[in-house]
Each structure stands twice: as structure tokens, then as C-alpha cells.
Amino acid sequence: MADSSEGEEEGKLTGGNQQLVVDDDLREMAKKAAWSVSSCKPGNGVASLRDDNLDTFWQSDGAQPHLVNIQFQKKVKLQLVVLYVDFKLDESYTPSKISIRAGDGFHNLKEIKAVELVKPTGWVYISLSGSDPRETFVNTFMLQIAVLSNHLNGRDTHVRQIKVYGPRPNPIPHQPFQFTSTEFITYSTIR
């Protein structure tokens, strides 16, 4: 997996990666979720965030904060949020302060990460790990990404892609299937 970005200070991310690179032990979780946004311009809604096309984008249409809500049917473990933003193309539409919140639903969301982006262009990696080394993921029903402010005091925002990753449940990497019985797991590798 790539580091958070080129330069990372206390909650500040600069740069961005042109290629999306994620560890093999992580899997994309967002397909299992219901997505919603606080507002959008016609033709620039949730579908533009999830279409794997860097030329399309979600564009908000309303007052800040601009929200992306990701709700799961059951509690999931989430470890990494990856955003594609492009300051060179979007200028004042580019997010500068982002808050990531988690909870059981809208009623009890708590901020778990606050990040400041400095003229990002490319994939920006935001780890959901806590300060305690044992906290490698967040166990939640809902994740909310809030764009608190934009570069150059822009009003609306552009986010081109969002990916959400959690740990792969398979304890044996590079194995396309998962054994469930202890006996099969015992004989699943060659020494």
C-alpha cells in the first residue's frame, strides 16, 4: 500500500498518487453499501463517485458541509478511505478540510479523522487506524465523509472517486477461496 501521500504532517496531506495502489490484504467494501450525498448538481451525483472514471465527479449544490453517507446493512470493519481529487482541474472546487465520521446511524456519528488537504492531485489515502497500534480498523454501520471547506474559499465541491477498504476476511493471502473448518485450514498450505 502506498503511504498516506507524499508529505503528511499532523492531519495534513499534500500531493496525491496518480496510481491507486492498495495492499492485497484489503478489499473494497463500498459495493455492499447504500450511498447518499447531501446535495448534487443534476448529472453529478453518487453514480459519478462510483463509476471508476476520473473524468466524472460528484458536485455538491448547497451549503457546507457537503456530505457523502455510506451505510452498511451490517457492521463492517473499515480500514482505509481513498479519494481522488484534482486541484489542477477543479481549483476552488477541491476539498481542503475533510472530516470522517463513523457510527450506527445519523444519530450518533463521531469524528474519527480530520484531514487537511493541501492542493492535492491524485489518490489521497486516509487511514482510519487510531493512535493505538491495536486499533487498525473501525467497526461501524455507517461512514460519513464531510467536506468542511474548499481551497480558495470555494462553495461547492468536486470529488472524482471514493473507495472504502476493509480487511480481507481470508487469513491466508492470495487464496481465492476460504476454508471454514479447522481441519481444512490445517491442510491448506504446503510447507
Side-chain angles (χ1 to χ4, degrees), residues 1-23 26-71 78-102 109 111-129 138 142-166:
M1 180 177 75
D3 292 329
S4 289
S5 280
E6 289 172 15
E8 182 178 351
E9 286 179 28
E10 195 68 40
K12 277 193 179 184
L13 300 175
T14 59
N17 296 319
Q18 292 309 306
Q19 297 294 320
L20 177 61
V21 180
V22 180
D23 280 345
L26 295 177
R27 66 179 173 153
E28 228 270 323
M29 302 290 290
K31 295 176 202 127
K32 299 179 178 191
W35 287 67
S36 63
V37 291
S38 54
S39 66
C40 66
K41 295 269 189 202
N44 293 91
V46 173
S48 299
L49 282 174
R50 303 289 307 142
D51 63 3
D52 290 324
N53 182 353
L54 300 179
D55 296 326
T56 62
F57 49 83
W58 162 58
Q59 180 174 339
S60 62
D61 185 20
Q64 290 175 337
H66 305 299
L67 308 174
V68 176
N69 303 305
I70 308 165
Q71 295 174 283
L78 301 176
Q79 196 167 341
L80 181 68
V81 172
V82 187
L83 309 170
Y84 191 93
V85 287
D86 195 332
F87 181 76
K88 290 176 186 160
L89 289 175
D90 299 327
E91 296 178 341
S92 67
Y93 289 95
T94 309
S96 63
K97 287 188 181 162
I98 292 178
S99 168
I100 297 182
R101 305 160 181 169
L109 290 171
E111 183 175 272
I112 55 172
K113 206 60 127 179
V115 178
E116 188 173 336
L117 305 176
V118 181
K119 297 182 180 179
T121 298
W123 293 100
V124 177
Y125 297 77
I126 304 169
S127 171
L128 301 180
S129 301
V138 174
M142 180 174 179
L143 197 69
Q144 184 180 73
I145 301 168
V147 177
L148 305 177
S149 66
N150 293 326
H151 284 78
L152 309 172
N153 294 320
R155 185 176 148 232
D156 288 329
T157 196
H158 285 183
V159 178
R160 293 180 175 268
Q161 292 292 300
I162 298 178
K163 305 276 185 191
V164 181
Y165 293 93

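The first residue of the sequence shown is numbered 1, and numbering continues consecutively from there. Below, all heavy atoms of this structure are taken into account, side chains as well, without hydrogens, waters or symmetry copies. No experiment lies behind these values; they were computed from the predicted model shown.
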With side-chain contact (heavy atoms from CB on, under 4.5 Å) as the criterion, how do Q161 and D51 come out once you've worked through the C-alpha distance, each side chain's angles and the decisive distance to 0.1 Å? CA-CA 8 Å; Q161 292 292 300; D51 63 3; 2.9 Å; yes
List the steps and the verdict of side-chain hydrogen bond (donor to acceptor under 3.5 Å, both in side chains) for T157 and S60. CA-CA 5 Å; T157 196; S60 62; 5.4 Å; no
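- With H151 contributing its side chain and P120 its backbone, the two residues share no donor-acceptor pair below 3.5 Å.
- Not one N or O on the side chain of S92 forms a donor-acceptor pair closer than 3.5 Å with the backbone of G154.
- Just one of D90, V147, L83 meets the side-chain contact (heavy atoms from CB on, under 4.5 Å) condition when paired with P95; it is V147.
- Under the side-chain contact (heavy atoms from CB on, under 4.5 Å) test applied with D156, the options D61, N44, N150 reduce to a single match, D61.
- The closest side-chain heavy-atom distance from L128 to I112 is below 4.5 Å.
- Remark: the backbone N or O of V164 is paired with a side-chain donor or acceptor of E28 at under 3.5 angstrom.
- No donor-acceptor pair under 3.5 Å is formed between the side chain of Q144 and the backbone N or O of N69.
- Looking only at distances, a side-chain donor or acceptor of R50 sits under 3.5 Å from a matching main-chain atom of I162.
- Two residues are said to be in side-chain contact when any heavy atoms from C-beta on lie closer than 4.5 Å; K113 and R101 fail this criterion.
- In terms of modelled atom types and a separation under 3.5 Å, the side chain of H66 and the main chain of R155 share a donor-acceptor contact.
- Taking the six-membered ring where the residue is Trp, F57 and H158 present parallel rings, their angle staying beneath 30° rather than reaching 60°.
- The local environment of NZ in K97 is sparse, with at most 12 non-hydrogen atoms from other residues, nucleotides or ligands closer than 6.0 Å.
- Side-chain contact check for Y125 versus V21: some heavy-atom pair is nearer than 4.5 Å.
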